[in-house]
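Everything on this sheet refers to the single structure shown next.
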Amino acid sequence: MSKQALSPSEVTELVAGLNKLARNLWWTWDQEAQELFAELSPRGWQNLYHNAVAILHEVSDYELRVRLQEPDFADHVRHVLQDFRSYMADQKTWGRLNAAALQKNPVAYFSAEFGFHETLPIAAGGLGILAGDHAKSASDLDLGFVGISLFYREGYFQQAVDANNWQTEYYTQLNPRNLPLEPVLGPQGEPLVGSVEIGMTEVFFQAWRVNVGRVPVYLLDANRPENEQLFRDLTLRVYGGDSTTRIMQEILLGMGGVRLLRALGLEPSTFHMNEGHAAFLTFELIREKMAGGQKFTEALATTKAECVFTTHTPVEAGHDRFSPELMNYALQRFHTHARVTFAELLPLGRVNPANARESFCMTVLALKASRSANAVSELHGQVSREMWHCLYPDVPVNQVPIGHVTNGVHMLGWMKGTVRRYWRRKLSGNGKAPAPVGGEETRFWLAQPDKDWASEINSPAFWKKVEDTNFISDEELWALRYRLRRELLEFSRRRLLLQHQRLTQGDFIAFDHLLNPDALTIGFARRFATYKRAPLIFQQLENIVKLARDKQRPVQFIFAGKAHPRDDEGKRFIQHIIHLSKFSDLLGHLVFIENYDVHVARQMVSGCDVWLNNPRRPLEASGTSGMKAGPHGCLNLSILDGWWREGYDGTNGFAIGDDSHPLSVEEQDRLDGANLYRALTEQVIPCFFERDANGVPRAWLKKVRRAMSTLVPQYNTWRMVQEYTTKYYLTK
Ligand SMILES: *Cc1c(COP(=O)(O)O)cnc(C)c1O
């Protein structure tokens with residue numbers, strides 16, 4: 001490659017390319033692209049929390065132009081931009097081959113939250129993370145796809161724990177200028193503005209476009225000067241406020257979303273409601289059809305033919321219900337405008353259409369107004385069919401029309417950098433390529449062909465090879481595990497030092513000695529919803545203390561997670577765990593990392609040896625965090641609920657209890673606590689500490705290999721989005 005000075009026009013082209021790259025989330029699942037931004041400003045990369053757009057603001061245009069005269073850096077930029085361009089331009093894709101019709105009439109996927117990356121915190125938990133991963137895989141597969149959500153300008157809350165170990169929430173304003181967002185503009189270059197009717201008011205909104213590789217996701221934003229403050233704040237926070245705010249947010253999402261799509265000239269073939277929050281989109285579709293001359297029943301039938309619905313939880317509070325009064329208030333102007341009566345609309349959200357006192361349930365609406373519905377694991381399918389049998393009294397339970405597509409994760413996006421580099425080297429050179437050192441790393445990347453890496457990483461054939469000790473030796477695999485555990489420990493120590501400094505001045509704890517690199521490291525991190533029972537393992541505190549303090553076979557625990565701001569029970573769980581971490585004999589063997597988000601999640605699922613999940617079965621519809629463990633060689637230890645009931649095969653991790661659960665909650669908590677302790681002491685700990693003469697835990701690593709080969713190619717969104725496409729998007 002040329003080492004001569006770049007011409008001004010070449011420099012301008014690269015600068016423009018970088019600016020475009022930073023505004024496409026593709027870089028968040030491309031290793032080299034991330035290294036590029038980190039190289040531009042290593043400290044900015046850390047302090048700005050991996051925000052590529054903010055880094056480009058931080059580095060002046062002049063500095064960037066000068067830096068590009070560094071030949072290696074310019075090569076790196078050119079190479080990444082080339083990869084990006086070929087990703088975007090590729091025509092030989094799964095989507096074009098198998099779902100060509102969606103190119104013209106895409107799938108419109110509506111979700112109240114999307115979790116893409118730590119710099120855009122507009123997800124509250126697993127539902128949003130799943131939506132983000134769905135969009136990323138839709139891009140990888142090149143599906144005709146467009147996402148719709150809301151732009152919450154204060155996002156989801158940041159968590160800080162106070163001196164009483166009580167969770168406090170604080171919010172920071174997201175600045176669109178510093179985020180990978182582009183304003184959606186009208187024909188004259190001004191922001192495109194739409195409106196919806198809420199109560200008696202016309203509420204205006206604008207929209208932001210997030211580029212997720214090849215697919216756009218549009219975020220609606222009510223913060224418009226035309227609106228009164230009350231309505232400007234409608235999109236302040238994820239699920240903010242009471243049920244009035246909630247219904248207003250949902251009207252904006254559902255109806256506003258359809259109106260935005262029309263303003264963009266889009267004619268989706270399928271509207272996919274990711275959870276009931278978006279179900280008001282069906283009202284807007286009905287209105288459109290009635291405006292076109294159809295009668296209500298006909299409009300409902302044609303709407304139904306266009307919609308599919310995914311239900312995500314059997315937990316009652318997860319199903320929005322609005323009182324008849326609230327419905328009357330919120331939809332008064334809409335229904336006059338739409339010329340549709342409440343007598344027609346409201347029964348769509350009731351189990352018993354004739355009961356005028358019944359609250360309006362968004363899940364019921366979604367089920368009644370879609371052509372097909374699905375749950376997110378096999379067991380959740382059964383549970384959902386029982387739960388909604390009331391809507392289909394004429395058929396037996398097993399014929400209630402709710403199927404299932406088990407969730408997945410976007411593997412490439414979840415892999416820690418260390419691991420991505422590792423697997424890529426394995427993929428491209430049978431692992432024989434010399435290990436790169438330091439600054440050589442980048443050059444190693446540049447030398448590798450980038451062919452089909454994304455599809456390879458999801459292929460069963462590749463992961464099958466991992467079972468072969470000639471492909472990867474136990475020693476090498478164990479070394480990788482040690483490296484990842486070390487990285488997590490150091491991350492935890494850094495975080496805990498910061499947490500500690502905030503609370504106390506001068507009270508010094510040796511954070512560099514906190515946690516033990518040789519200990520069996522067990523992770524637990526997710527929303528602190530009470531059914532997930534975060535403190536279950538501490539039921540037998542004395543026994544757990546003994547396990548943790550065993551000098552020969554030490555065990556340690558890393559916890560993280562946010563409780564909903566109004567969930568005091570969940571906050572008590574956090575308080576209890578932090579208290580144990582500071583004031584019990586678990587000190588030094590148990591830590592709680594604040595402010596769980598996708599970055600913390602990635603550190604934890606990669607560095608832990610065991611990923612613990614102990615929900616109250618069958619309330620964990622699927623769960624996805626355990627799927628992120630696979631490619632890192634972390635093993636699941638979980639109740640047979642959600643995805644793990646399907647994923648566990650006796651050789652690829654550990655089960656707590658069996659494929660059943662008692663009826664009483666007290667009995668269940670007691671049994672699960674005992675079974676968890678038993679699995680830990682009888683299986684997990686002995687297996688992990690059984691070392692051969694080389695100090696390698698052969699049996700453990702065999703399980704790690706089995707987990708990689710059986711779970712990774714199955715529980716990913718590459719498979720999941722294909723399944724949605726063939727089972728739901730393409731079938732009318
Ligand atoms: C993966 C993930 C979740 C979902 O975790 P579950 O165990 O499925 O509840 C929630 N939050 C974050 C930040 C995640 O990365």
Side-chain angles (χ1 to χ4, degrees), residues 28-29 49-50 111 113-134 136 155-159 238-239 274-275 312-315 318 375-377 379-380 406-416 522-534 536 558-564 567 570 573 593-608 610-632 634 636-639 641-647 653 656 711 715-717 720:
T28 66
W29 68 94
Y49 212 38
H50 324 128
S111 179
E113 41 174 313
F114 269 95
F116 296 115
H117 185 253
E118 51 265 33
T119 54
L120 193 55
I122 54 169
L127 178 71
I129 303 292
L130 179 83
D133 283 2
H134 193 124
K136 289 173 190 173
Y156 197 55
F157 73 89
Q158 313 272 321
Q159 176 191 56
V238 187
Y239 307 130
N274 187 47
E275 197 49 297
H312 283 272
T313 183
V315 177
V376 290
S377 71
L379 180 61
H380 180 228
T406 305
N407 285 165
V409 294
H410 184 255
M411 279 302 163
L412 217 45
W414 280 105
M415 277 184 215
K416 191 146 192 273
I522 300 180
F524 181 105
R526 46 184 58 83
R527 281 186 308 118
F528 267 50
T530 41
Y531 77 86
K532 295 182 187 249
R533 300 187 296 189
L536 187 76
I558 302 182
F559 275 71
K562 295 175 177 178
H564 187 277
D567 179 9
F573 282 3
I593 297 177
E594 287 174 12
N595 215 21
Y596 183 54
D597 67 0
V598 296
H599 180 57
V600 178
R602 191 177 291 108
Q603 307 298 314
M604 289 184 66
V605 294
S606 57
C608 288
V610 169
W611 194 248
L612 174 64
N613 193 15
N614 43 235
R616 199 173 275 143
R617 182 179 140 139
L619 298 181
E620 188 75 285
S622 167
T624 53
S625 60
M627 302 173 185
K628 304 166 192 164
H632 302 98
C634 168
N636 279 276
L637 164 62
S638 171
I639 299 272
D641 196 8
W643 82 282
W644 191 235
R645 183 177 164 273
E646 292 155 52
I656 302 170
L711 303 174
Y715 298 97
N716 63 67
T717 42
M720 183 190 83

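Note that this is a predicted model, so its numbers are computed, not measured. Ligands are counted one by one from 1 in listed order, and the atoms in each one are counted from 1 as well. Residues take their numbers from the sequence shown, with the count starting at 1.
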* Report the C-alpha separation of E275 and T313 in whole Å, then their side-chain angles, then the decisive distance to 0.1 Å, and conclude whether the side-chain contact (heavy atoms from CB on, under 4.5 Å) test is met. => CA-CA 9 Å; E275 197 49 297; T313 183; 3.9 Å; yes
* To do: Please lay out, stage by stage, how R526 and N613 fare under the test side-chain contact (heavy atoms from CB on, under 4.5 Å).
  => CA-CA 9 Å; R526 46 184 58 83; N613 193 15; 3.2 Å; yes
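The two atoms that bring W644 and I639 nearest to each other are CD1-O, 3.6 Å, heavy atoms only. Of all heavy-atom pairs between D597 and E118, the closest is OD2-CB, 4.0 Å. Residues M411 and Y715 come closest through the heavy atom pair CE-O, 3.5 Å.
Proximity to D597 (heavy-atom distance under 4.0 Å) selects the following atoms of ligand 1: 13 (C). Atoms of ligand 1 lying under 4.0 Å from at least one heavy atom of G623, given by number and element, are 8 (O).
Below 3.5 Å of separation, one finds an N or O of S625 facing an N or O of ligand 1. The shortest N or O to N or O distance between E620 and ligand 1 is not below 3.5 Å.
Relative to the ring axis of Y156, K562 does not place its NZ or CZ within 45° and under 6.0 Å from the centre.
Proximity of A601 to ligand 1, defined as any heavy-atom pair under 4.0 Å, is confined to the side chain (atoms from C-beta onward). With a 4.0 Å cut-off on non-hydrogen atoms, N613 does not touch ligand 1 at all.
From the protein, the heavy atom lying nearest to atom 15 (O) of ligand 1 is K628 NZ, 2.7 Å. For atom 9 (O) of ligand 1, the closest heavy atom belonging to the protein is K532 NZ, 2.7 Å. When only non-hydrogen protein atoms are considered, atom 12 (C) of ligand 1 lies nearest to Y596 CE2, 3.5 Å. Of the protein's non-hydrogen atoms, T624 N, 2.7 Å is the one closest to atom 8 (O) of ligand 1. Regarding atom 10 (C) of ligand 1, its nearest protein heavy-atom neighbour is G126 N, 3.5 Å.
Remark: the backbone N or O of G653 is not paired with any side-chain donor or acceptor of N636 at under 3.5 angstrom. Checked by atom type and distance alone, the side chain of R533 pairs as donor or acceptor with a backbone atom of N614 at under 3.5 Å. Between the side chain of S622 and the backbone N or O of T406 there is no donor-acceptor pair closer than 3.5 Å.
Not a single heavy atom of R602 lies less than 4.0 angstrom from ligand 1. The closest approach between a heavy atom of W414 and any atom of ligand 1 is below 4.0 Å.
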